[in-house]
Structure formats: C-alpha cells, structure tokens
A.B. asks: 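Attaching a single structure in structure tokens format; questions to follow.
Below, chain A is the first sequence line, B the second, and so on; all start at residue 1.
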There are 2 protein chains.
Amino acid sequence: MQFKPTPGRPGRLPEPRSPIADDGDETRFCGTCAFSSACIAAGYDKPELAELQCLVEHVGPFRVGEHIFRTGDPFRAIFAVRSGTVKTRMVDKEGREQVLGFYLPGEVIGLNAIYPEHFPCDAVALDTAYFCRFSFPAMSALASRVPAVQQHLFRMLSKELGTASLLAGDHSADERVAAFLLDLGNRYAVRGFSGAQFHLSMSRGDIANYLRLAAETVSRVLSRFRAQKLIAIEGRELELLNVAALRKIGEALLPD
Amino acid sequence: MQFKPTPGRPGRLPEPRSPIADDGDETRFCGTCAFSSACIAAGYDKPELAELQCLVEHVGPFRVGEHIFRTGDPFRAIFAVRSGTVKTRMVDKEGREQVLGFYLPGEVIGLNAIYPEHFPCDAVALDTAYFCRFSFPAMSALASRVPAVQQHLFRMLSKELGTASLLAGDHSADERVAAFLLDLGNRYAVRGFSGAQFHLSMSRGDIANYLRLAAETVSRVLSRFRAQKLIAIEGRELELLNVAALRKIGEALLPD
DNA sequence: CGGCTGCCTTGATCCGGATCAATTGCGCCA
DNA sequence: TGGCGCAATTGATCCGGATCAAGGCAGCCG
C-alpha cells in the first residue's frame, strides 16, 4: 500500500535532511549500521560482496505515519533504518495500540517475524525514513556460506531478546522516563550522533504507551525533570543536563 | 558450582517422576522437544547424526533452587529442558529479583546469552530438572552445514522475541493472571501434557513477580477465579474449569 | 485573518493494586 | 509430637498514577 520502494538503486538518496539522517555518504552510514560487521566482514574484496549487494535494496522515503510493514504481511525481509525513526506496535482487537519499540538509524526491524513468517506488528515511520531492505531468504542462504553473517544474525536476534527490560519490572514513572531518555541517548551515541542533545521523534503519547504510563504522567515527569534542571526540553528538542542524576534515578532499569 | 552434569551418558534417567517429566523414553521426549526438528531433521540416517550426538550432553538432575547457570557465567551452551521447570531471573544491584520467564519441558533457555557472550540472567530449577546441553560453538558450526539447523535456530530466537507480550501493556491483574494460566496450559498442551490440569511449579511470589503484581494480588485473583468456578486450585494443583471465560478475561493479552 | 485540529501541559479527583498486618496451613526436623 | 519456618490467604489502609477536565500553543487551511 504505502509501500513505495525507490527505483531500487543504491544511488545517492534524495535529500535526507532529518537531523539524524546520514549525510548521504554510504560508507559512513554503513559504519554505524547494525549490519556493518556483516556487510563489511563479508569483505568488499571477496566474491560474496556481489551477493550482498544484490540482497540489499534501498527503500524509501516513507513519510510520517506511513507503514513499512503491517501486521499479517508475509515475512520476506528485514529492514535496517538508514535515516529517520520507526515505531513498532501491535493493535489489539479492541483497537488499543501497544507500542513495542522505537528504532533509530542503524537499528534493524522485522526480526520478530522470522518465526511466525508473518509480521506480528506494524512498523510506522515517525520521521521521513529510509531503509536498507535485506531479503531474508537470500540472507539465510548467505549465512550458510559465510559464518560471519550467520553469527551476526544470531547476535542481533539475541541482542534484541535483552531489550525488553525497559518495560519489565514494576518501576515508578520517574525511573521509567529517566531510563528511557538515557537509553535513547546511548543509542544515538553508539551510532555516532550526540547522545546528550537530540530530537524526540515520537509524541508524548507514544512514549507513554511504550513505557506503560499515561501521556499526562510523562508530561508531568518531564516538567519536573526540567524544574530540577536534569534536562532541558522544549517541545521535542531534548538536552540531558545531568546524566549522573538521571542515571541514579533510572539505575534499577539500566544495564550494570 | 551446583553445576553437576551426570557422567555424560545418554542412558536412562534416574527416576524422573515429576508429573511433567518425560517417562525416560528418549524418542518420545525428543518428539516434544523444541529441538526435535533440528535433531530429527538432521536425520538419524545421515552422517550429521554423529555430530549431533556429540554436541548434545545430558545434564542433571538439578534440585529445587539450584542454578543451571548464573548471571555473568561465560556463554558456552544452550539448554533444552528435558523434565522439570526453570525460572530465569535478573537480580538488580539493590537485590530485587525480577522473574523473566518460566520454562517447561521441551523449551530452551540461554538464547539471550549469545550476544553478550555471558549469561545475562540466572536460571534456577523450580523442580528436579534434567536438560539436554547443546554446545553453542558446535551448534553454530553444524548450522553452517545443515540449513535446517540454522533455520531452526533463527526460528527459536525469533519466537522468543514474541514472548514478551504477557508482560507488556498496562493490563489489570485479572487479565494478567487469566492470560498466564492459559499460556501455561497451552504450552503444556503443545508438549503433549494436559493443558487443563497441571501443577504450578512456581510459588505465588514468582508468578506475581513475573506478572508485575504483588503476591497478595495473585492470591486474591486466584481465590476469586475459584469462587467464580473458572478454576479449581488447591495449593499448586490447578485445573482450568472454564477456559472460554478465562480466554475472554485475558483476551487482550493473548494471541489472535 | 479566524477557526480548526492535534499535541502538550496542568489541575482535581478517583481507583486498582501495593503495602502493612494478622492468621492459617503445611512440611520438615528434632 | 511439638515447634519452627515458609507459603499462602485474607483483611485494612494507603498511594501512585489513571482518568477526567480545562486550557494553551502551533500548524494548517479555507
């Protein structure tokens, strides 16, 4: 439906000017992508390169609110975010939305569809977004021949298993919000963006839904954190002013 | 530590008499194991069999409270539950426990350790429990040569990604408990046990912790469900009397 | 320009489940 | 057999966050 791949050429992208977009330099993007080790380890000097090239397809742009995939779509590929932001969500039969996660440039969506063979959730663009699309059958076939690719897939899947922890536990609104902000910051930092100052691509409602809070509660907590000079926030522009204090608040939810 | 593999022989097990234990008939057990398709598809008539045999090691028994692995242990293998029940849990630095999941015969633990290369959680026996231990390096190597094994690993990992949903969402205590009981029943049924009448190997406290409720709340909900004739429960012996009604209560959390 | 529509913020009230507390029941061991 | 300890149940109270309600603010379009 809203699925509009570009003509399928890995050429220069049409003006990706989101603040978190890559600058059009593919090598630089690939350095920050979750697949980098798979793509690069496969070796640009090896014969496998040709296959990797042909199994990757650049798709986009998707505009705000457009679906990258929908619940029930047959699973054929996974997607690495090149630029923009995505939320994944389930909608239950009463029509209530359930946000499962947010995905930043360099991160990968669709892994939870391998087993059911159909996407179990929607993926919706929160920004104008571009992707690398990896055909999964081709990827598995490649993985059989290139152990580095296989290992990379295992690791990505396993890594995602550890990501449920922000939701787990009965934690206070303060803890959740602090941990959420720090997690986002870390993930931006890992991908080479500023981890202290960034744009929240998602609405307060989406954050609240993801954290299992009411939107009003998120708003109140953010206001309080601002009053306490832990953060500066104006609309969706955020700056982390006192990471140490935030970490203290959210520590029960954070790694180490 | 408490890690005591049996002499490493796939012979008959020493009296596994838990109601959910396999009866010592290995073929029958393997038919219900999550690995069955991997083990069986590998083919008892193919040369790979030899490798599969040598990468599987039978370990156990583990007694109530003993650890199969501990947080921080280096990751070398995954474990399929042969009989008994296991909980996985994290303990934060304040010493609070967080139950991540319960694993029944035929299910697999340890997949979330692939990426970090160390176990990110403890696995604790709730019953006397026996396992098949699969060396992961050997398993990956085999997966490279046998596509069915690789695919099976991908599917198991992906499947586990979908399992966070019982916790997700802000759902009422009734919804959570109903969904939990039905989920357990389904999982027993899939493995060939009774899905309507079974033993809860875990304490009320563990259930509560897993569902992010207080133990008192779980107790109250179970008492109410009993009063409403939805279940019969005495201690840890449970019977589902009105599955349809339970399904209605828990539907927001359940598949389809 | 003016009205409309989302999104966000802030205030007031309410309720589900946590917490505190007391009791019972059961298995275990001396 | 009695006593100890742990798990479970049940009751009473309390509180964090949901819900309801009322603006504020920015972008959009006629």
A.B. asks: Do the side chains of Leu184(B) and Met202(B) get nearer than 4.5 Å, heavy atoms only?
C.D. replies: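 Yes, their side chains come closer than 4.5 Å.
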
A.B. asks: List in chain and number order the residues that pass side-chain contact (heavy atoms from CB on, under 4.5 Å) with Arg247(B), two or more places apart in sequence or in another chain; answer none if no residue qualifies.
C.D. replies: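 Testing Arg247(B) for side-chain contact (heavy atoms from CB on, under 4.5 Å), a comparison that skips the adjacent residues, returns Leu182(B), Val243(B), Leu254(B).
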
A.B. asks: Phe75(A): which residues meet the ring pair (Phe, Tyr, Trp, His ring centres under 6.0 Å) condition with it, sequence neighbours left out?
C.D. replies: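 Once residues adjacent in sequence are excluded, the partners of Phe75(A) under the ring pair (Phe, Tyr, Trp, His ring centres under 6.0 Å) criterion are Phe119(A), Phe136(A).
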
A.B. asks: Between protein and nucleotides 13-27 of chain C, map the contacts as a letter string: B base, S sugar-phosphate only, - none, heavy atoms under 4.0 Å, written 5' to 3'.
C.D. replies: ----SSBBB------

A.B. asks: Yes or no on side-chain contact (heavy atoms from CB on, under 4.5 Å) for Leu241(B) and Leu230(B), after CA distance, side-chain angles and deciding distance?
C.D. replies: CA-CA 5 Å; Leu241(B) 298 176; Leu230(B) 303 181; 6.0 Å; no

A.B. asks: Do Phe69(A) and Phe79(A) have side chains that get closer than 4.5 Å, going by heavy atoms?
C.D. replies: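 Touching, per the 4.5 Å side-chain cut-off.
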
A.B. asks: Taking Lys87(A)'s backbone N and O only, do any of them form a donor-acceptor pair with Asp206(A)'s side chain (distance below 3.5 Å, no angle check)?
C.D. replies: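 Not at all, since once roles are kept as given, no pair shorter than 3.5 Å links the two residues.
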
A.B. asks: Between Arg89(B) and Asp122(B), is the closest basic N to carboxylate O distance under 4.0 Å?
C.D. replies: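 Arg89(B) and Asp122(B): salt-bridged.
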
A.B. asks: Keeping the roles fixed (side chain from Ser223(A), backbone from Ser219(A)), state whether a donor-acceptor pair exists under 3.5 Å.
C.D. replies: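 Yes, Ser223(A) side chain to Ser219(A) backbone: donor-acceptor pair under 3.5 Å.
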
A.B. asks: For Val64(A), which residues count as a side-chain contact (heavy atoms from CB on, under 4.5 Å) partner, sequence neighbours excluded?
C.D. replies: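 side-chain contact (heavy atoms from CB on, under 4.5 Å) list for Val64(A), sorted by chain: empty.
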
A.B. asks: Quick test: give all pairs of protein nitrogen or oxygen and nucleotides 23-27 of chain D nitrogen or oxygen below 3.5 Å, distance rounded to 0.1 Å.
C.D. replies:
none

A.B. asks: Rounded to the Å, how far apart are Arg224(A) CZ and dT10(C) P?
C.D. replies: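 Result: 12 Å.
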
A.B. asks: Using modelled atom types only, decide if a donor and an acceptor are shared between the side chain of Glu107(B) and the backbone of Leu104(B) within a distance under 3.5 Å.
C.D. replies: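 Checking the backbone N and O of Leu104(B) against the side chain of Glu107(B), a donor-acceptor pair under 3.5 Å is found.
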
A.B. asks: Take the C1' atoms of the five end pairs on each side of the helix from dC1(C)-dG30(D) to dA30(C)-dT1(D), get both axes, and report the angle to 10 degrees.
C.D. replies: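 Here the local axes at opposite ends form an angle of 30°.
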
A.B. asks: To the nearest Å, how far apart are Leu200(B) CG and dA7(D) P?
C.D. replies: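 Roughly 15 Å, once rounded to whole Å.
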
A.B. asks: Whole Å only: how far is the CG atom of Leu222(A) from the C1' atom of dC8(C)?
C.D. replies: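 Computing the Leu222(A):CG to dC8(C):C1' distance gives 11 Å.
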
A.B. asks: Output yes when at least one side-chain N/O atom of Ser223(A) is less than 4.0 Å from OP1 or OP2 of dT10(C), else no.
C.D. replies: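 Answer yes for this pair, as a side-chain N or O of Ser223(A) is under 4.0 Å from OP1 or OP2.
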
A.B. asks: Round to the nearest Å and state the distance from Arg204(B) atom CZ to dC6(D) atom P.
C.D. replies: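 Distance, rounded to whole Å: 18 Å.
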
A.B. asks: May I have the distance from Arg236(A) (atom CZ) to dG6(C) (atom C1'), rounded to whole angstrom?
C.D. replies: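 Rounding to the nearest Å, CZ of Arg236(A) and C1' of dG6(C) are 10 Å apart.
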
A.B. asks: In whole angstrom, give the distance that lies between atom CD1 of Ile207(B) and atom C1' of dA7(D).
C.D. replies: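 For the pair Ile207(B) CD1 and dA7(D) C1', the rounded distance is 12 Å.
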
A.B. asks: Are Phe180(B) and Tyr210(B) side-chain neighbours, meaning at least one heavy-atom pair lies under 4.5 Å?
C.D. replies: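 Side chain of Phe180(B) against side chain of Tyr210(B), heavy atoms only: contact under 4.5 Å found.
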
A.B. asks: Among dT10(D), dC8(C), dA7(D), which is the nearest nucleotide to the side chain of Ser219(A)?
C.D. replies: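 Nearest nucleotide to the side chain: dC8(C).
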
A.B. asks: From CG of Leu126(A) over to C1' of dC7(C), roughly how many Å is that when rounded to an integer?
C.D. replies: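 Value for this atom pair: 14 Å.
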
